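Just below is one structure, and these are the notes that go with it.
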Amino acid sequence: MTKSKFRLIYDELAQEIQKGKRKANDLLPSENELAEKYQASRETIRKALKLLSEHGYIQKVQGKGSIVLDISKIDFPISGLVSFKELADKMGKRARTTVVSIERQRVNEFLKEHLQTQESEEVWSVARVREIDQEKIILDKDFLRAEIVPSLTKEVCEQSIYAYLEKELGLVVSFAKKEITVEEPTEEDLKLLDLEGYSTIVVVKSHVYLDDARLFQYTESRHRPDKFRFVDFARRVR
């Protein structure tokens, strides 16, 4: 099927932003200028701009026009608990999750330590690859106590585990203790991610608790270093 003209215009502008030809905070040409450049109607241009906005490439500002957003790095708040689904919703179809594996298993010594469980307990082990702009740049490895999360499906993991926990199971995810390290990529990282020659990977290790202070999840989120910026707000104590 031949692409609609607005899709072709969207593809060209999106590629220009991805390749840095149009930089963050740049203004796109006006609708009239774009209509003249692409020999298209203003309605066609509006459709292309609407798609760019939905996919997180531009922000339309009243009285100014369409401003290019910074897509080179994506902010993850250190002190907050933000799911990838919540981040992906802001980026539209630029983001995608692929479930690599999901299984229920007995705890080993590693998980016994990190989840503070008994040897007889079982956990859900989930591996998911996060893709942004068709690049696989995050490997999330989640381990959840089956005693607290008795069932889990591939469909839930493709969407949002936290949404399932909170809306379906009635659990309240409250806080997490996080550790950030820079490590050498493992064979699994090299196999599943598009590391583009990077020799290091940023690993965020999180121990996540419910509102009743029960530790229910241990996560390793493994990031390609060029794409993510971890941010926090700090106040000096006097």
Side-chain angles (χ1 to χ4, degrees), residues 1-77 80-100 128-140 154-164 166-167 192-196 198 221 223-231:
M1 180 185 286
T2 303
K3 278 189 177 181
S4 302
K5 188 158 189 177
F6 81 89
R7 287 265 180 187
L8 294 172
I9 296 169
Y10 160 81
D11 286 343
E12 183 172 320
L13 290 171
Q15 286 179 16
E16 288 179 359
I17 295 171
Q18 289 172 11
K19 293 177 180 178
K21 293 180 180 178
R22 297 189 183 275
K23 302 186 183 303
N25 299 316
D26 282 353
L27 274 173
L28 288 185
S30 68
E31 289 182 4
N32 285 335
E33 290 170 326
L34 289 171
E36 184 176 346
K37 175 182 178 180
Y38 290 106
Q39 293 297 292
S41 67
R42 287 189 63 182
E43 182 60 29
T44 297
I45 297 300
R46 288 193 187 104
K47 285 183 178 179
L49 294 176
K50 182 174 183 289
L51 206 56
L52 285 169
S53 177
E54 289 175 350
H55 291 187
Y57 288 108
I58 65 170
Q59 175 68 43
K60 300 190 79 174
V61 178
Q62 188 71 30
K64 284 191 175 183
S66 299
I67 299 176
V68 176
L69 297 176
D70 184 0
I71 67 164
S72 63
K73 293 182 183 289
I74 301 156
D75 288 351
F76 260 92
L81 273 172
V82 179
S83 71
F84 185 83
K85 176 66 165 56
E86 291 165 336
L87 175 67
D89 285 345
K90 297 178 182 179
M91 295 186 291
K93 294 180 182 177
R94 286 177 52 205
R96 190 165 73 98
T97 292
T98 300
V99 177
V100 177
R128 294 176 291 179
V129 169
R130 314 296 199 170
E131 185 177 317
I132 296 177
D133 292 331
Q134 300 181 333
E135 288 188 295
K136 298 170 183 176
I137 56 176
I138 310 173
L139 171 60
D140 277 341
K154 181 180 177 183
E155 290 71 28
V156 165
C157 296
E158 284 175 343
Q159 294 301 312
S160 171
I161 292 177
Y162 280 10
Y164 169 70
E166 294 173 335
K167 295 177 182 178
L192 296 176
L193 299 179
D194 298 324
L195 291 184
E196 302 293 342
Y198 283 94
S221 191
H223 299 255
R224 201 175 85 183
D226 65 316
K227 283 293 183 179
F228 282 79
R229 174 172 52 212
F230 298 97
V231 298

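FYI, side chains are in, hydrogens and waters are out, and symmetry mates aren't considered; it's all heavy atoms of this structure. Each residue takes its place number in the sequence, starting with 1. This structure is a prediction, so every number in the text was calculated from the model and none was measured.
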Greater than 12 external heavy atoms within 6.0 Å of E196's CD: yes
Heavy-atom check, side chain of S160 versus side chain of K167, under 4.5 Å: no
Minimum side-chain heavy-atom gap Q39-K5 below 4.5 Å: yes
Heavy-atom check, side chain of K154 versus side chain of E158, under 4.5 Å: yes
R224: which of L193, I138, L139, I137 passes side chain to side chain contact (heavy atoms under 4.5 Å, CB included): I137
Partner of T97 under side chain to side chain donor-acceptor pair (under 3.5 Å), chosen from E131, R130, R128: R130
Shortest non-hydrogen contact between K23 and G20, atoms and distance: NZ-O, 3.1 Å
Nearest atoms (heavy-atom pairs only) where L49 meets E31: CD1-CG, 3.9 Å
Exceeds 12 heavy-atom contacts within 6.0 angstrom, atom CG of N32: yes
Within 6.0 Å of NZ in K37, more than 12 heavy atoms from elsewhere: yes
Gap between atom CD of E36 and atom OG of S30 - 0.5 Å precision: 9.0 Å
Close side-chain approach of I58 to K60, heavy-atom, < 4.5 Å: yes
By ring-ring contact (aromatic ring centres under 6.0 Å, His included) - contacts of F6 (at least two apart): none
Euclidean distance, D26 CG relative to L69 CG, rounded to 0.5 Å: 11.5 Å
pair L13-Y57: side-chain heavy atoms closer than 4.5 Å: no
Side-chain (K47) to main-chain (T44) donor-acceptor, under 3.5 angstrom: no
Qualifying residues under salt bridge (charged side-chain N to carboxylate O under 4.0 Å, His left out), relative to K50, sequence neighbours excluded: E54
Over all atoms of both residues, closest heavy-atom pair of I9 and A40: CD1-CB, 4.1 Å
Between CD on residue E135 and CG on residue L195, distance to nearest 0.5 Å: 10.5 Å
Taking every non-hydrogen atom, the tightest pair across L34 and P29: CD1-O, 3.6 Å
